[in-house]
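Only one structure is covered here, and it is reproduced in the block below.
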Amino acid sequence: MPPLIALDTWNERTPRPERSPKAICFIIAEGANSELWYFTELALHLAKQNIPELIELKPIERTDDDQNKSHPHALLEQAESIREGKFGFNKDTDRIVAVFDVDIYKGNNDQYQKDLQSFSGMAEVAVTNPSFELYLLLHKEDAYKTYIEPYREKILKNAYVEGTHRRFISRHANDVLGINVKSNKRVAGFAHRFGCAIKEERHLNQDPATAMGRLTSNIGKVIKEVIEVGRIQR
């Protein structure tokens, strides 16, 4: 199995004097940069507000040997490693969320469905179609109406922009968000607008099983469910 590295700030469970230690939701993603920056900041941002209260988000950093493997099969190996005891995984309380893009399948729905099934019982799946940049766009107010719906066909086709080596959604996200989301660490700051992303995401398909050929994102939905599970019933 590929080696894993946890972020130093999340290397131990958080003890609480008045309750049992928090459960952990491990987040693994195929992207080596923007996804890690974003989820790390989201975890810190929520933790400062004690949200969620009974479960903490723990993004996992990929090693040098593994970070260039983009296929979801690498994430499945990571999930298996975690479940085998990495970071003290507790099968009774802890969870794993695997985040990956659908465009990597290049329209091969049969393979995509097989891979989805392979995650069953191993990790919850949070996908974007075509890619993570679509989810980042959702952090802008009225993102769907203004930046997504008018460009629906171009986003789904996601062809290379003429004269560049950039796909349409990558270039579009850069133009809208004002940064190169693949190389600029400022992408982490969008995590502070997580609430907006949850709201805007509802305009898209949120069912991974029907993601092929549809604008899809269920990242906000899955993380929101993790938060709700982790709330203290008062």
Report the C-alpha separation of Ile60 and Ile82 in whole Å, then their side-chain angles, then the decisive distance to 0.1 Å, and conclude whether the side chain to side chain contact (heavy atoms under 4.5 Å, CB included) test is met.
CA-CA 10 Å; Ile60 300 297; Ile82 293 170; 4.3 Å; yes
Show your reasoning for whether side chain to side chain contact (heavy atoms under 4.5 Å, CB included) applies to Phe119 and Ile96.
CA-CA 10 Å; Phe119 278 99; Ile96 303 173; over 6 Å; no
Tell me, with the steps shown, if Asp103 and Asn158 meet side chain to side chain contact (heavy atoms under 4.5 Å, CB included).
CA-CA 9 Å; Asp103 67 349; Asn158 206 25; 3.9 Å; yes
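Considering only residues two or more places apart in sequence or on other chains, Tyr135 meets the ring-ring contact (aromatic ring centres under 6.0 Å, His included) condition with Tyr38, Phe132, His139.
Residue Asn174 holds its CG atom at 4.5 Å from CG of Asn180, rounded to the nearest 0.5 Å. Here the straight-line distance linking atom CG of Asp94 with atom CZ of Phe26 works out to 5.0 Å at 0.5 Å rounding.
Annotation: cation-pi geometry satisfied between Arg167 and Tyr160 (NZ/CZ under 6.0 angstrom from ring centroid, within 45° of ring axis).
In terms of modelled atom types and a separation under 3.5 Å, the side chain of Lys22 and the main chain of Gly230 share no donor-acceptor contact. Asn129 places a side-chain N or O within donor-acceptor distance of the main-chain N or O of Arg214, the cut-off being under 3.5 Å. Remark: side-chain polar atoms of Asn218 are paired, donor with acceptor, to backbone N or O of Val127 under 3.5 angstrom. Judged by distance alone, the side chain of Asn33 and the main-chain N or O of Ser183 form no donor-acceptor pair under 3.5 Å. With hydrogens and angles ignored, the 3.5 Å screen pairs a side-chain donor or acceptor of Arg83 with a backbone N or O of Met122. For the pair Thr146 (side chain) and Asp142 (backbone), a donor-acceptor distance under 3.5 Å is present.
Within 6.0 Å of OH in Tyr151 there are 12 or fewer heavy atoms belonging to other residues, nucleotides or ligands.
Each salt bridge (Lys or Arg N to Asp or Glu O under 4.0 Å) pair with one or both residues in residues 105-119, not counting sequence neighbours, would appear here, but there are none. Residue pairs meeting the salt bridge (Lys or Arg N to Asp or Glu O under 4.0 Å) criterion with at least one member in residues 197-212, sequence neighbours excluded, are Glu141-Lys199.
A side-chain donor from one of Gln49 and His45 sits under 3.5 Å from a side-chain acceptor of the other. Ser131 and Asp101 share no side-chain donor-acceptor pair at under 3.5 Å.
Summarising the geometry of Leu215 relative to Leu204, their closest heavy-atom pair is O-CB, 3.7 Å, with the distance given to 0.1 Å.
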